[in-house]
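No hydrogens, no waters, no symmetry mates; every other heavy atom, side chains included, goes into these values. Being a predicted model, the structure only gives us computed values, none of them experimental.
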Amino acid sequence: MVMAPSAIAIDHQETTVLNDNKVDYLDNNHGVESDVTGFASKALIKKVLHEHIARVNVDTCEPGEEDAFYVADLGEVYRQHLRWKINLARVKPFYAVKCNPDTEVLRLLAKLGTGFDCASRAEIDMVLGLGVAPSRIIYAQPCKTKSYLRHARKVGVTLMTFDNSDELRKIKDCYPEAELVLRILTDDSTSLCRLSAKYGASLHDAKDLLRLAKDLELNIVGVSFHVGSGASDPNSFGKAVMDARFVFDQAAELGYDLKLLDVGGGFVDETFEMFAGNLHEALEEHFPSHVRVIGEPGRYYTSNAFTLATNVIARREVAGDNEGENAYMLYLNDGVYGNFSNIIFDHQHPIPQILSAAAAADEMVEYSIWGPTCDGIDVITDQIYLPGVINIGDWLFFENMGAYTKCSATKFNGYNDDHEVVYISSEPGASALLGY
């Protein structure tokens, strides 16, 4: 397995930046030489971050002008797609919209020909609004709202999952011609976010569900599973594929001819090649080529593409762990009720880095970092050492903030949940597709 190379050599005379729906063409990549071979150009992202904060004077700006903001490199999304195609050519990606429903991300993936995993009416309508055909959507929500089922029928989204008998009866009433995918239980004990406690039929129950579907004259077309978000055991796919094969065979005994396998999500950037290799081997062993295979990657596409910048709005001096040394509590204008919701919901540990500091130094200083709300759980980092003394008005940035962050931010305590995104594209292929 290999990492995807840059699709097209970067044009050093023109890198695209999109901000507030206006397109600027910036000469010479902001003075940064790019060598993108599978990762976004961090140097370019930092350059754009610096240009953005240079326009903000925290002592004179209007309320909110110093709010946290993102820089999103859509070239990274593009490269991740190429990497998927190289390593998992048989598996068509259906992007998990819930992970990051950013319109520009969805628009690029639509242009690249991916499908979409939607879990609600709003997500379905968002994708359809981009001109995506209903056949490119799977309604991957095993327990659906009745009115949403009727809406899916109205707009022509036929493919959907289920995992229990009541859902089958609901579908019989609301959408009897739907194409159904039985979601089975998997071992997700090594995943960051386990889903098996909520969704998935056991192998013991699968045949009874297939038999009930037959009695109700419903159309079962395939089987799905999900090894958990952020899976860490590459062998989990092999076992799940074997279980899916078992259910395919059970369905055949009842007269069904299943044609679809949905291998779900769980893919992460760091281990993708290993997981892809194991999944590919399992598919080749257990499923002939006429069976269509799809997957539901989310964080794999977007995590690395988004970088978040935050402003230091307050500071408090405290005693450090080391006797005689001072430490500081830093308060940012974003926290766990905002874009750092991934700390609570996604078990992430964002790492702060200094974007700008008036008192830069090499000496390491102890910090804890907090969000802006009046809740004691609003802590981003309990303890970290950063160079120099950071002051009010300085900026920190956090990489890999594109998954389960902005999408789950709230307005708690009256803070903004809709922060600006500055879009850049380090891949001319992505720029061409998006019309930048």
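A salt bridge is defined here as a Lys NZ or Arg NE, NH1 or NH2 lying under 4.0 Å from an Asp or Glu carboxylate O, and E167 with K144 meets this definition. Taking a cutoff of 4.0 Å between a charged side-chain nitrogen and a carboxylate oxygen, D269 and R83 qualify as a salt bridge. One finds a salt bridge joining R169 and D166 here, because a Lys/Arg side-chain nitrogen approaches an Asp/Glu carboxylate oxygen to under 4.0 Å. Salt bridge present: E253 and K207 bring a charged side-chain N and a carboxylate O closer than 4.0 Å. Under 4.0 Å is where a charged nitrogen must lie from a carboxylate oxygen, and between R121 and D125 at least one such pair does.
Pairing each heavy atom of T186 with each of V227, the nearest pair is OG1-CA, 3.8 Å. Summarising the geometry of Y436 relative to R107, their closest heavy-atom pair is CE1-NH2, 3.6 Å, with the distance given to 0.1 Å.
Listed by first then second residue, pairs satisfying ring pair (Phe, Tyr, Trp, His ring centres under 6.0 Å) with a partner in residues 111-154 number zero, not counting sequence neighbours. Among residue pairs with one or both ends in residues 255-264, those qualifying as salt bridge (charged side-chain N to carboxylate O under 4.0 Å, His left out) are D257-K259; sequence neighbours excluded. Here salt bridge (charged side-chain N to carboxylate O under 4.0 Å, His left out) pairs that include residues 306-316, with residues two or more places apart or in two chains, number zero.
Judged by distance alone, with hydrogens and angles left aside, the side-chain atoms of E123 form a donor-acceptor pair with the main-chain N or O of A119 at under 3.5 Å. In this structure, S425 contributes its side chain and A430 its backbone to no donor-acceptor pair below 3.5 Å.
A donor atom on one side chain and an acceptor atom on the other are found under 3.5 Å apart for D102 and Y423. In this structure, a donor-acceptor pair under 3.5 Å is present between the side chains of D321 and Q383. Between the side chains of N333 and N311, not a single donor N or O lies within less than 3.5 Å of an accepting N or O.
Here the CD-NE2 distance, from E427 to H81, works out to 12.5 Å after rounding to the nearest 0.5 Å. Atom-to-atom distance recorded for F246:CZ and I184:CD1 is 10.0 Å, nearest 0.5 angstrom. The OH atom of Y78 sits 6.0 Å away from the CG atom of L433 when rounded to the nearest 0.5 Å. The CG atom of L180 lies 11.0 Å from the CG atom of L209; values are rounded to the nearest 0.5 Å.
Under the rule for a ring pair (Phe, Tyr, Trp, His ring centres under 6.0 Å), Y415 has no partner lying at least two apart in sequence or in another chain. Remark: Y300 pairs with W84, F272 by the ring pair (Phe, Tyr, Trp, His ring centres under 6.0 Å) rule, at least two apart or across chains. With sequence neighbours left out, T114 forms a side chain to side chain donor-acceptor pair (under 3.5 Å) with no residue at all. By the salt bridge (charged side-chain N to carboxylate O under 4.0 Å, His left out) test, K92 pairs with no residue at all, sequence neighbours left out. With sequence neighbours excluded, the residues that form a ring pair (Phe, Tyr, Trp, His ring centres under 6.0 Å) with F340 are F398. By the ring pair (Phe, Tyr, Trp, His ring centres under 6.0 Å) test, F412 pairs with Y337, sequence neighbours left out. Residues passing the side chain to side chain donor-acceptor pair (under 3.5 Å) test with T405, sequence neighbours excluded: Y70. Scanning for salt bridge (charged side-chain N to carboxylate O under 4.0 Å, His left out) contacts around R153 gives E177, with sequence neighbours left out. Shown here are the salt bridge (charged side-chain N to carboxylate O under 4.0 Å, His left out) partners of D418, two or more places apart in sequence or in another chain: K406.
Taking the side chain as every heavy atom from C-beta outward, D378 and P372 approach each other to under 4.5 Å. Using a 4.5 Å cut-off on side-chain heavy atoms (C-beta onward), S356 and I53 make contact. For the pair L332 and V312, the minimum side-chain heavy-atom distance is below 4.5 Å. You'll find the side chain of S120 stays beyond 4.5 Å of the side chain of K98, heavy atoms only. Within the 4.5 Å cutoff, side-chain heavy atoms of N342 are placed close to those of P350. Between P352 and Y367 there is no side-chain heavy-atom pair separated by less than 4.5 Å. Residues M126 and L106 form a side-chain contact, since some pair of their non-hydrogen atoms from C-beta on lies under 4.5 Å apart. V291 places none of its side-chain heavy atoms less than 4.5 Å from the side chain of L260.
Applying the 6.0 Å contact sphere to CD1 of I351 captures no more than 12 heavy atoms from other residues, nucleotides or ligands. Heavy atoms from other residues, nucleotides or ligands lying under 6.0 Å from CE of M364 number more than 12.
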Report task. Might you work through the side-chain hydrogen bond (donor to acceptor under 3.5 Å, both in side chains) test for S426 and D73, ending with a clear yes or no? Result -> CA-CA 7 Å; S426 60; D73 181 8; 2.7 Å; yes
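F287 carries R245 over the face of its six-membered ring, with the cationic atom under 6.0 Å from the centre and within 45° of the normal.
Classification of the F267-F237 ring pair by plane angle, with boundaries at 30° and 60°, yields parallel.
You'll find the ring centres of F248 and Y256 outside the 6.0 Å limit.
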